[in-house]
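One structure below.
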Amino acid sequence: MVGVYKECFLIVVLSLLLLNTAKAQCGYESCPAVRSSDYINVHIVPHTHDDVGWLKTVDQYFYGGRNDIQHAGVQYILDSVIPELQADPNKRFIYVEIAFFERWWNEQPPDVQSAVKELVAQGRLTFINGGWCMNDEASTHYNAIIDQMTLGLKFIDDNFGSCGRPLVAWHIDPFGHSREQASLFAQMHYDGFFFGRLDYDDKKHRLKETTMEEIWHASPSLGGHSDLFYGALYNGYGPPGGFCWDIHCSDTPFQDDPRLFDYNVDDRVKDFIKAVKDQVKHFKTNHIIMTMGSDFQFENAHTWYKNLDKLIAYVNKKEEDTKIHLLYSTPACYVKHLNEADKTWTTKSDDFFPYADAANDFWTGYFTSRPAIKGYVRQANNFLQICKQLEVLGGMQKTGSSVTLKKAMGVAQHHDAVSGTEKQHVANDYAKRIGMGISSCESVVNSVLNNMMTNGTSRPPQGSFCGYLNISICPSTEDAQMFTVTAYNPVAHMVHTPVRVPVNGNSYTVTGPDGKMVSSQIMDVTTATKNVRRDRGKAMKELVFTAQVPALGFSTYMIATQSNKVMQKLKPHIHSQPSPAETPSADADPTISNEHYQVIFDGTTGLLKSITELGSNTNLQVSQSYYWYNSSTGNNVSHQASGAYIFRPNSSEAFPLFKDSVDIKMVTGDVVQEIHQTFQPWLSQVVRLYKGQPYVEFEWTVGPIPVGDHFGKEIISRFDTDIMSDEYVYTDANGREMVQRKLNHRDTWKYNNTEPVAGNYYPVNSRIYIMDDKKQLTVLNDRSQGGASLKNGSMELMVHRRCLKDDSRGVGEPLNETGQYGDGLMIRGKHLVTLSIPGMAAAMHRTIGEQVFMAPSLMFAQGESDWASKYKTSETLLMKDLPVNVHLLTLELWDDNTALIRLEHQFAKGEDADLSKNATVSLKGLFKSFDITGITEISLGANVALKDATRLQWKTTDSSTPTPPNTMPLPVNMDTMDVELTPMQIRTFRCTIKRK
Ligand SMILES: *[C@@H]1O[C@H](CO)[C@@H](O)[C@H](O)[C@H]1NC(C)=O
Ligand SMILES: [Zn+2]
C-alpha cells in the first residue's frame with residue numbers, strides 16, 4: 001500500500017512538473033536549470049547554418065533543388081526539427097534566417113503553425129539574430145542592415161509576438177566583424193553577439209588571455225548604449241572534432257548496446273570530456289557553449305538528436321565524479337548564465353577586420369569582389385527608401401509595392417551575396433530579384449509622383465525610369481523633342497543635384513519648376529561610354545544641368561530642343577555653349593576649376609598634379625592613377641591563390657596601367673568642366689567639377705580586365721600626396737562612424753606582417769581619408785570597396801578584380817565575371833574627392849555622403865508645351881527641412897495607419913564644432929500630407945517598445961558602473977513632439993498617422 005501511494009505521489013509530482021514545463025515562459029524564463037558553480041555546465045546548442053544563397057540560389061536551397069551542386073534543403077530541416085522538439089520538452093533548436101523561415105511558414109497548415117507557435121512560446125524553438133538573412137559586415141551599408149533586420153524581426157513579431165523576439169545576435173559565418181554592426185545590434189537591444197570567424201592570430205592570443213568573450217565598446221559617440229557583450233566561438237560554429245552526427249558527417253555514433261559489437265560509450269564519453277576540458281580552460285566562467293550543427297545540417301534532425309540525447313545522458317550519468325553537466329540550451333540562456341556569473345569583463349573598442357584564417361590568407365578580396373552587384377545593391381537601397389517614403393506619403397498603390405524590393409534587398413545583404421562570394425548563377429539570381437523589386441517600386445514611385453503632380457483634374461502623362469543613365473541610355477529622352485525630368489529627393493534637406501540625360505540634339509532649353517531658364521550644357525557621349533553601351537542606346541550627346549530639389553519632394557524640369565517654338569517664346573537668355581573638346585598642348589598644364597576647387601593636371605604625363613581648395617587656400621600635391629596587382633595563384637610560401645574571398649597579390653608591387661603618359665582631353669562649359677583620361681583601351685576616367693558642387697568627381701570606367709596573359713588582375717585607383725599621414729588612414733564602418741587604422745598594426749595583439757598589402761586592406765563603405773595637421777584628403781565612394789594606405793601620403797581603393805583561380809574557400813569558381821557579352825564585366829563608378837582642413841571636413845562629408853547614398857531618383861515623361869501651367873512642378877512634403885545634422889533614415893508604412901520613422905543624428909561626437917551638438921526635431925506638423933496622432937518609441941529593430949526593452953548589464957574592467965546604462969530617452973511629449981538626438985543617435989518611432 002505504501003509503495004502504491006508513493007508511486008501515485010510520484011505521478012502527481014511528475015505531471016505537475018510536466019504541466020510546469022508546458023506553461024514555462026519564453027525568453028530567459030524558459031532557460032533550463034543548470035548545476036551550481038562547482039560544475040562545468042555545457043550548453044549544447046543544436047543549430048543549422050542556412051546560407052540565403054551561395055552555391056545555390058535561395059530558392060534552390062529552400063526546396064533542396066540542384067542537390068547535384070550541394071545537398072541542402074532547408075524545408076526538410078524545419079520539417080524534421082519540429083516533431084523532434086514536440087516529442088521532448090528538453091530539446092532546443094535555434095533558427096536564424098527569416099528569408100527561409102517565412103518561405104516554410106507560408107506552406108504550413110494551421111495545425112503545424114499553431115504547434116510551432118507553442119514551441120516558440122515555450123522557448124523550445126528560439127529565433128536568434130532574426131533578420132531576413134545573416135548579413136555580411138564588410139560590404140553592407142547600415143541603412144540596408146537596419147532594413148533587413150527590421151524585415152525579419154517584423155515577421156517574427158507579427159507571427160509570434162514578444163516570445164519570438166531574439167535576445168542574441170548570431171553572425172557565426174561572416175568573414176570579419178565591423179564595429180558598426182555591433183553598435184547596431186546594441187541599439188536593437190540584443191544582450192549578446194556571437195560569431196565564429198576572427199583572425200587566426202587574434203584568436204590564438206584571445207584563447208591564451210581568456211578574452212574570447214568581452215564587452216565591445218562599439219561607438220565612441222553612443223557610449224554605453226552601444227556596449228555589447230560578444231563571444232568568439234571556440235570551434236567556429238561546428239561541433240568539437242569527432243562529434244558531428246548529421247547525415248552529412250561520418251563521426252562514430254553512440255553504440256551503447258553491450259550485446260552488440262563495437263560498444264563505445266566509455267570512449268565517446270571520455271573523448272567528449274576531453275573536448276570540454278580543452279575548451280573550458282580558455283573561458284572565464286563555469287559555462288561553455290558548444291555549437292552542435294553546421295551548414296544546412298539537421299535535414300534529418302533525428303540522427304543529431306538521438307546521439308545528443310545519449311551524449312547528454314551518458315556524460316551526465318557521471319556528473320557527480322566529473323563535475324561536468326550537459327544540457328540542451330540556447331545562446332541566450334548561455335549569455336544569461338555568463339551574466340549571472342557576476343564577472344568583470346575586459347573590453348574592446350576596435351573591430352575584427354581584416355579577417356585572416358592563416359598567415360597568407362587575408363579575406364580582403366571580397367571587400368571589392370563583384371563591384372557591379374555591390375553598386376547595384378547600393379542603388380537599390382537608395383530607390384527602396386524612395387519607394388517606402390512615397391508609400392507613406394501617397395498610401396499603398398494599386399500596382400507595385402515595396403515588399404518585393406525589401407525582400408530582394410534582405411536576401412542581397414547575406415554574407416555570400418553583396419560580399420561577392422557566391423557562384424555566378426547565384427549572383428545573377430540576386431540581381432534578378434533586385435531588378436524585379438526595382439520594377440515594382442517604379443510603379444509605386446510613378447503613381448505617387450503622378451498624383452502629386454496632378455493639379456486639380458489635370459493629370460500629367462505617366463513617367464518612366466532609365467536604369468542605364470550612367471551609360472547614357474534612356475529611350476524616353478534620346479529622340480524626344482520635348483520631355484520632362486522629375487527629380488524626387490529622399491533627403492530631408494534641399495539638394496542641388498547634377499542631372500545628365502542622353503539626347504541627340506545640339507541645343508536645348510531647360511526650364512526649371514519656377515518657369516525660369518536653367519543653364520545647361522551639351523557634351524559628347526564619350527568613347528568610353530559607347531564602349532560600355534555596346535549595341536544599346538544611340539544618344540550622341542548628353543545634356544547636363546543642375547536641378548534643385550526640395551527636401552522630401554520633387555521638382556520637374558522641362559526640356560525642349562531649341563527649335564521648339566513654344567519654348568523659344570519663353571527663352572530669356574542664351575545659356576551656355578560648350579567649348580569643343582580640346583587636346584591641351586604639352587607645355588600648358590590643363591586646369592579645371594569651380595567655386596571650390598582648382599584641379600591641375602600635368603601637361604606632359606596627363607596625370608593629376610594638384611588640387612587646391614579655394615576657400616581655405618589649401619593646396620595638395622597629388623598624383624592619381626590606376627595600377628594593378630597580379631593575383632597570386634600560389635607560391636612556395638603558401639599555395640593560397642587570390643579569389644572571391646581572398647586578396648593575395650603575388651608581389652607587393654602595384655604596376656602602373658599607363659606608359660609614360662595618358663591621353664587627355666578637356667571639356668569645359670558653364671555647368672561642368674571635365675578632364676577625360678584614357679589609361680588603357682579598357683580603362684578611362686573623367687575628372688569633373690560641377691558648378692557649385694564641393695567635390696571633385698572621379699568617374700572611372702574599368703573593364704573588361706584583360707586576362708589574355710593568364711594573370712589575374714586587381715585594379716586600384718591610387719592617390720599619392722604630400723600629406724604626412726604618419727601611417728594612419730581612416731575608414732568608415734558600414735557608412736557611419738570612422739575607424740582609425742595604422743599600417744601593419746592591430747590594437748589588440750602584435751601583428752605579424754605576413755601579407756604587407758592584403759593585410760592592410762580594410763572595407764570602405766562610404767569614405768576613406770588620410771590627413772596631417774594641415775590638410776585632409778577624403779574619397780567618398782558609391783559602393784563598398786577595399787581600401788588601404790600602404791605608405792605615407794598614399795591612399796588606394798580597389799575598384800575591380802578578375803582572378804583566374806579559385807581561392808579554396810568553398811565557392812569553387814574563380815572570380816572571373818565574364819558578363820553578358822562574354823568578354824568581362826565593365827564597371828563604372830565614382831569617387832567624390834574633397835580636400836579640406838582637418839576638423840572642418842565632417843560637415844561637408846556627412847552632407848555629400850547623404851546625397852551619394854540617398855540621391856534623387858529621376859523620372860521622365862513626354863513634354864507638353866504648357867506643362868508648368870497645367871501641373872504642379874514642385875512640392876515638398878515637409879513643412880520645413882530637418883536640421884543639417886539630422887537624417888531622416890526611415891519613413892515607411894508599418895501598417896495601414898502607422899508609419900515607421902527613424903531620425904538619425906548624422907554626426908559623430910566632436911566631429912564638428914557646431915553640428916556635433918545635440919539636435920532637436922519636432923515631429924509635430926512636420927509632414928504636409930499627414931498628422932501624427934500617436935508615438936511609440938521602439939528599439940532600432942522596431943520589434944520592442946523602448947519601455948519594455950531592458951538589457952542585461954555587465955561589469956567591465958574600465959568602468960565603475962555597469963553597462964549598458966539602464967537609462968532611456970524620456971517619452972516624447974505629445975504636445976511638442978520634440979525629439980532630441982545626441983551625436984550618432986538613431987531614434988525609432990512607430991507613429992499613428994492621420995492622412996489629411
Ligand atoms: C610570422 O609569420 C611567419 C610566416 O608565417 C612565421 O614564420 C613567423 O614565425 C611569425 N612570427 C611570429 C612572431 O609569429
Ligand atoms: Zn554562411
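One-based numbering, in listed order, for ligands and for the atoms of each.
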Report summary line: ang(NE2 H49, the Zn ion (ligand 2), NE2 H415) rounded to 10° is 100°
Requested in this report: Considering only protein heavy atoms, determine whether one is less than 4.0 Å from atom 9 (O) of ligand 1.
Outcome: no
Query raised in the report: Counting backbone and side chain alike, does D173 bring an N/O/S atom below 2.8 Å of the Zn ion (ligand 2)?
Result: yes
**Report entry** atom 5 (O) of ligand 1 [closest protein heavy-atom partner, distance rounded to 0.1 Å]
**Finding:** A359 CB, 3.7 Å
Report task. On the 0 to 90° scale, with breaks at 30° and 60°, tag the H171-H177 ring pair as parallel, tilted or perpendicular. Result -> tilted
Query raised in the report: Is it true that some N/O/S atom of D51, main chain or side chain, lies under 2.8 Å from the Zn ion (ligand 2)?
Result: yes
Query raised in the report: Do side-chain atoms of S80 reach the backbone of A301 as a donor and acceptor pair under 3.5 angstrom?
Result: yes
Report task. Decide whether a cation-pi geometry holds between R809 and Y645; the criteria are a distance under 6.0 Å from NZ or CZ to the six-membered ring centre and an angle within 45° of the ring axis. Result -> no
Report task. Would you check if there is a donor-acceptor pair between the side chains of D79 and Q75 at a distance under 3.5 Å? Result -> no
Query raised in the report: Relative to F175, does R197 satisfy both conditions: NZ or CZ under 6.0 angstrom from the six-membered ring centre, and within 45 degrees of the ring's axis?
Result: no
Query raised in the report: For atom 13 (C) of ligand 1, which of N752, D201, T754 has the closest heavy atom?
Result: N752
